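Note that the structure is a prediction, hence the values are computed from the model and not measured.
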Amino acid sequence: MKHASSRRNFLAAGLALPAAASAARSSGSGPSPSQRPARPSAGALQFRTLGKTGLRVTTVGYGCMITSDPTVITRAVDMGINYFDTSRNYQSGQNERMVGAALGAKRKDIFLSSKCDQRTGPGILSELDTSLKELNTDHLDVWYLHGLGSPDQISDELLEAQRKARQQGKVRFIGVSTHTLPAIVDRVIEAKLEVVLAVYNFASAAEWGPAIEKLNRAGVGLVAMKVMARAIGPRRSGGGPPKPAEFGPAALKWVLKNPAVATTVPSMTDIDQLEQNFAVMAQQKFTDADQKILTARLKEIGPYFCRMCGQCEGQCPKGLPVGDLVRFVMYADGYGQFPLGREHFQRMPAGHQAVRCGECAECVVRCPHGVTVAERMMRAQELFA
């Protein structure tokens, strides 16, 4: 009964929500350089080049994953933000439809990316056609294989399908999104993917730096996600997720101080968050005061935030994907997005969903960064099972 009560309480609260190479754009289908999105010049707008794609993107983009108010997206375009990211299955498939409606005729003014979740060539091509229909566009500027964490997952079959879509003019550039960049960086370069969307934030594992530099040297464009490192523990779970205003500007500036990051896609749900993130483009300079904020923040989230380094992989004797489960809790507790966490949990095999960590005498999984793994895993099962 305890887990049911906790879930009801959660629902009740939730219902009350070095520089990248500046190379010439590679040849291929899609708009010519003169057709690239251009916005009125403004002091707050800062741009970088997305690797060898040649796309000039605002350093602060827009992650649409948890947005439900289309007017925030429309306002972002009007302000000059020109990179927007969604995915085929965000909000059970509704996010793309909302983004398409919000953009309308403004689609021509921005660069648009989406992702596919299937694991076969025909599957992702079918998803792409659905994405184009829902987004009301004839092409994507960047199309990602979604959430791949090992080299073998970036299969030749998937790559062939991506290239076919590019040849047909349905996508301009192809890439992959990942929570474990170091594990796949060599495969990304070997496969000649053009863009990577990767987790990168002030709490990231130390090995992220060399992986990012390797991408940069190869001319692969980098888009940073989960830049806020949102997490929350028992001390605050009764009071809702932490407010990004408390640490958001410092976290975003930390990411942008690395010029190898072309753009970022922080999740935004309201105009206040949009204006706060937009202002960072003009401020940008990372200060000692910002570092103090993040040092305190890192101490607070240390037991709860997964660095997604992958070192826990294979440690659970019952085969649970430890890092994924900790991330699902982050969606619920840190983002205030219970449905998103539950959706990911329910995609796991039934056997994994049935495991209850409280039945183990002792958790043998050890996180090198101090995450209280057993507590986080049980929290996931309490919320979502």
Side-chain angles (χ1 to χ4, degrees), residues 18-20 43-48 57-63 81 179-182 196-216 222-233 235-236 239-268 272-309 311 323 326-327 330 333-336 367-372 376:
L45 295 174
Q46 301 293 325
F47 297 84
R48 293 178 184 172
V57 293
T58 49
T59 56
V60 174
Y62 194 121
I81 289 175
H179 295 100
T180 54
L181 176 60
V196 169
L197 172 62
V199 172
Y200 186 57
N201 53 59
F202 66 91
S204 296
E207 57 263 33
W208 257 237
I212 288 173
E213 290 304 313
K214 187 176 286 190
L215 286 182
N216 181 62
L222 177 65
V223 180
M225 64 172 169
K226 292 180 173 57
V227 294
M228 300 299 182
R230 293 186 183 184
I232 186 172
R235 290 171 295 173
R236 295 188 61 173
K243 297 177 181 178
E246 300 172 10
F247 59 90
L252 192 49
K253 283 191 281 183
W254 186 93
V255 174
L256 291 176
K257 72 186 178 75
N258 185 344
V261 176
T263 188
T264 55
V265 286
S267 296
M268 294 179 271
D272 287 344
Q273 291 177 14
L274 170 61
E275 292 181 345
Q276 174 181 278
N277 293 336
F278 186 84
V280 170
M281 275 198 283
Q283 300 166 356
Q284 281 208 61
K285 185 178 179 181
F286 186 77
T287 66
D288 290 342
D290 292 322
Q291 184 59 61
K292 288 180 180 179
I293 290 172
L294 296 187
T295 298
R297 177 71 180 148
L298 187 57
K299 184 177 181 180
E300 178 185 0
I301 68 175
Y304 319 116
F305 185 75
C306 178
R307 273 66 162 185
M308 303 178 194
C309 66
Q311 294 188 49
V326 176
R327 177 163 54 89
M330 179 190 69
D333 286 342
Y335 286 75
C367 172
H369 305 289
V371 174
T372 52
R376 295 288 85 198

Working to the nearest 0.5 angstrom, can you tell me the gap between [X] [atom1] and [Y] [atom2]?
X      : Y      : atom1 : atom2 : answer
Ile301 : His369 : CD1   : NE2   : 12.0 Å
Leu222 : Asn216 : CG    : CG    : 8.5 Å
Gln283 : Phe278 : CD    : CZ    : 11.5 Å
Arg307 : Leu298 : CZ    : CG    : 5.0 Å
Gln273 : Tyr62  : CD    : OH    : 8.0 Å
Met308 : Met330 : CE    : CE    : 4.5 Å

Considering all heavy atoms of both residues, which atom of [X] and which atom of [Y] are nearest to each other, and what is their separation?
X      : Y      : result
Pro266 : Gly61  : CD-O, 3.7 Å
Tyr304 : Val326 : O-CG1, 3.7 Å
Leu197 : Ala224 : CD1-C, 4.3 Å
Ala260 : Ile212 : CB-CG2, 3.7 Å

Are any non-hydrogen side-chain atoms of [X] and [Y] less than 4.5 angstrom apart?
X      : Y      : answer
Lys226 : His179 : yes
Trp254 : Asp290 : no
Met228 : Asn277 : yes
Asn201 : Phe305 : yes
Val261 : Val227 : no

Treating Trp208 as the side-chain partner and Val199 as the backbone partner, does any N or O pair qualify as donor plus acceptor under 3.5 Å? yes
Does Thr59 form a side-chain contact (heavy atoms from CB on, under 4.5 Å) with Val280? I'd like the steps, not just the answer. CA-CA 9 Å; Thr59 56; Val280 170; over 6 Å; no
With sequence neighbours excluded, what pairs up with Ile293 under the side-chain contact (heavy atoms from CB on, under 4.5 Å) test? Phe247, Ala250
Quick check on side chain to side chain contact (heavy atoms under 4.5 Å, CB included): which of Thr58, Leu45, Thr263 does Ile81 satisfy it with? Thr58
With no hydrogens and no angle check, just 3.5 Å: does a side-chain donor-acceptor pair link Tyr200 and Asn258? yes
Taking NZ in Lys257 as the centre, count heavy atoms belonging to other residues, nucleotides or ligands within less than 6.0 Å. Is the count above 12? yes
For Arg48, the salt bridge (Lys or Arg N to Asp or Glu O under 4.0 Å) test, sequence neighbours excluded, returns none
Residues passing the side-chain hydrogen bond (donor to acceptor under 3.5 Å, both in side chains) test with Glu275, sequence neighbours excluded, are none
Criterion side chain to side chain donor-acceptor pair (under 3.5 Å) against Gln291, the qualifying member of Asp288, Thr295, Thr287: Thr295
